[in-house]
Protein chains: 2
Amino acid sequence: MARRVASTTGSADLDARKATILEAVVTEHIDTAQPVGSSSVATNADLSVSPATVRSEMVALERDGYLAQPHTSAGRVPTDKGYRYFVDHLSEASVGSSQQRQISEFFAHVRGEVEDVLEQTSTLLSELTNYTSVVVGSGHSRATILSAQLVNLDANHQLLVSVFSDGAVTKHSLFTNYTASPSDVTEASRQLHALLLGTSLESRVQVPSRTDTVASLVREAVALLHAVAPTVDGEQVFIGGSSRVAEAFDGVETVRKVLAILEQELLVVSLVQDVLDSGSAVAIGSENAYEPLASCALIVAPVTIDGQRAGAVGLLGPTRMKYREALAAAQLVSEQLSRHLLREDERV
Amino acid sequence: MARRVASTTGSADLDARKATILEAVVTEHIDTAQPVGSSSVATNADLSVSPATVRSEMVALERDGYLAQPHTSAGRVPTDKGYRYFVDHLSEASVGSSQQRQISEFFAHVRGEVEDVLEQTSTLLSELTNYTSVVVGSGHSRATILSAQLVNLDANHQLLVSVFSDGAVTKHSLFTNYTASPSDVTEASRQLHALLLGTSLESRVQVPSRTDTVASLVREAVALLHAVAPTVDGEQVFIGGSSRVAEAFDGVETVRKVLAILEQELLVVSLVQDVLDSGSAVAIGSENAYEPLASCALIVAPVTIDGQRAGAVGLLGPTRMKYREALAAAQLVSEQLSRHLLREDERV
DNA sequence: TCTGGCACTCGGTAGAATCGAGTGCTAACA
DNA sequence: TGTTAGCACTCGATTCTACCGAGTGCCAGA
């Protein structure tokens, strides 16, 4: 398991007692949102030592950057590094059985287009956890093309409609500076279909080199499709429960900043991708590449089809979020979603 | 112009001085978010009377429900009825020239699919006004069908892909409890295309009554398309600048509630529709059918193509929003958008 | 190495005093 | 009759103080 921040200071594992204390502080702070004092740690965590002992350990933990004091004579609060240690040493937890049922129930009955499933999944995840959820559906560059056609909207404006084996349908406008007759378009559409059928967006396709209208249409349509394909443009982002941002923070300004981020799909995609690349399942506070997320944690679980990344599900909450439950929920949902999409895929 | 609330108490127009005072109170309160006192009205509004006179008028305005006092010995605040009067008697204002340029600029250069245009329009509107914007694109029930095809995803799962004259592309999954061979699907697709070409979703279509697989496929596909069409399902909603909700209110709880509403597309559509139906351009506070919007105002301007409602643009802000500017912006954008869509449409 | 004891810090809360914006009322005035 | 100046009054907001207590750091003793 990655321990990015912890490793930067070269610190090894904490000894058992420090670890227990850190865990107690994190747990209680997540629960109460208040600084945690030595005495409550001494009583709650079942190490039979006095508050004074806990205190001296806390001093050490603060020195090493795991804890911080809002001000003298207040309790301790975990730092990002403290949360990081906590998360990295989290005992695996499974989601509650009622939630488990809710998830199975959902995937057993959900039906319809992939987009709808992804959107509903994002709502599900948000309702399960009470955090804002993010579902990213990656492009369909691996899917094969089942159908491609050109539809004549206008003498200079055709619509390229493609259907993919994963059930996706895309449309792209093709504007030409020459005029194509309806019959040209029909013929181009026929050729295009024959040409692209069974290929994927990653395939090389032999386009006609002739210069007549039909050939030009075909050439431009293929180029259009292949040009747009590999960009992030293909990524679909679904945000669920954005109103929960307002539950997670109590400063209106923080809420505004976080919402502003969620509005930018590209940014969200890249944040999620960063977490996936980091090798960890969570980005905590300043680990997020984006400053306004300093008080947020982003949990991400990949969605795969046949071992291929097909997207990701994520949860965005405050750094003091309930990592154990949220991680478990994200993981379970991503697994089930992967399985669900695979099943859809295999039908082809 | 409608004066829904005002008319409920049977009150006629206010006399000139009361109107001036009310306007002054509303204007200042919108600006400062503070209760407005008699003296500042006396100096700012250019009726040459003393604060005492203003005061006695304010008493009357409060009695009639246009103003309210947060507590004794505070200034006055407009009620929803007060805002309503203000809005109904608003002098027409045009948007600033720099904004006007921004809007023309936008519509001169925007290109691509309708959905993209609508989404970008919503961003534009939000940036122009600093309020959260709503753009609703209505269904394409009037548009004629340019193409319809069935694509075989699976023995029991076909995808119905339709292309409309307005450039819209829809897809619907068709699950059958019988098995259709690829050639059946191809044939059904051919028939379907011939059958639907040139019709609109409102047209009656003569479906084959035979019971063979192909006919069944055709019949079910037509039914599927026509069943889904007239529902609100066809409405597309684009929210722009949802983070600005957090700017408009300072209670996190209010922000949460409003965001929660914006998450429900159907609700948003119906709210917008309500305003359109009301005959006014704005729903203020409790005029909104939905209680959590009691502190919000919703401005709506219809988008039309050929006199037909094709959607709407809206702005959601606090009741103390800048009505004049926001109304002007919404109106101008809706006009330009209508023109833009019409141009797209006429090309067909 | 741990612990109990203790002085100390400092944010939060409660209460009192004060301030002042704004009101309502009244009596006089045009 | 409508308008105005004057004035007492109200009440939220602000400031100040005192004080409480949770929590700390340190130290001496077990």
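Below, read A as the first sequence line, B as the second, and so on, with proteins coming before strands; counting in each chain starts at 1. Note: hydrogens, waters and symmetry copies are ignored here, and every other heavy atom, side chains too, is used.
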From CD of B/Q69 across to P of D/dG12 the rounded distance in Å is 11 Å
Atom pair NZ (B/K81) and CD1 (B/I284), whose distance is rounded to the nearest 0.5 Å: 13.0 Å
To the nearest 0.5 Å, how far apart are CD in A/E263 and OG in B/S126? 6.5 Å
Quick one: which of D/dT4, D/dG25, C/dG24 gets closest to the side chain of B/S50? D/dT4
Find the distance B/R17:CZ to D/dT4:P and express it as a whole number of Å. 8 Å
Taking salt bridge (charged side-chain N to carboxylate O under 4.0 Å, His left out) as the definition, give me every residue that meets it alongside A/K322, ordered by chain and number, with sequence neighbours left out. none
Judged by nearest nucleotide, the residue sitting upstream toward the 5' end of DNA chain D, B/P51 or A/A74, is B/P51
What's B/S56 touching, base or sugar-phosphate or nothing? Going by heavy atoms closer than 4.0 Å. nothing
At what angle, to 10 degrees, do the two end axes of the helix from C/dT1-D/dA30 to C/dA30-D/dT1 meet, given five pairs define each axis? 20°
Rounded to whole angstroms, how far apart are CD on A/Q34 and P on D/dA22? 13 Å
Please tell me which of the listed nucleotides, D/dT3, C/dT23, C/dT3, lies nearest to the side chain of A/A52? C/dT3
Once rounded to the nearest 0.5 Å, what's the spacing between atom OG of A/S97 and atom CD of A/Q100? 7.0 Å
Let me know the distance between CD of A/E57 and C1' of D/dG25, rounded to the nearest Å. 15 Å
Hey, is the side chain of B/S38 poking within less than 4.0 Å of OP1 or OP2 on C/dG22, counting only N and O atoms? no
Quickly work out the A/M58 CE to D/dA22 P distance and round it to whole Å. 16 Å
Consider only side-chain N and O atoms of B/R84 and B/S280, and report whether a donor and an acceptor are under 3.5 Å apart. yes
Can you tell me how far the OH atom of A/Y85 sits from the NZ atom of A/K18, to the nearest 0.5 Å? 10.5 Å
To the nearest 0.5 angstrom, please state how far the CG atom of A/L90 sits from the OH atom of A/Y83. 13.0 Å
Touch check for A/S48, heavy atoms < 4.0 angstrom, all strands: base, sugar-phosphate only, or nothing? sugar-phosphate
A/K18 NZ to C/dC2 C1': how many Å, rounded? 14 Å
Would you mind telling me which of C/dG22, D/dG25, C/dT23 lies closest to the side-chain atoms of A/R76? D/dG25
Taking N or O atoms only and anything under 3.5 Å, show me the protein contacts with nucleotides 6-14 of chain C, one pair per line.
residue : atom : partner : partner atom : Å
C/dT9   : O2   : A/S73   : OG           : 2.8
C/dC10  : OP1  : A/T72   : OG1          : 3.3
C/dC10  : O4'  : A/S73   : OG           : 3.2

I need the CD1-P distance between B/I21 and D/dT3, as an integer number of Å. 10 Å
Sub-4.5 Å side-chain heavy-atom contact between B/R76 and B/V26: no
Run the numbers on A/D13 and A/H89 for side-chain contact (heavy atoms from CB on, under 4.5 Å), then give the verdict. CA-CA 10 Å; A/D13 267 12; A/H89 293 77; 3.5 Å; yes
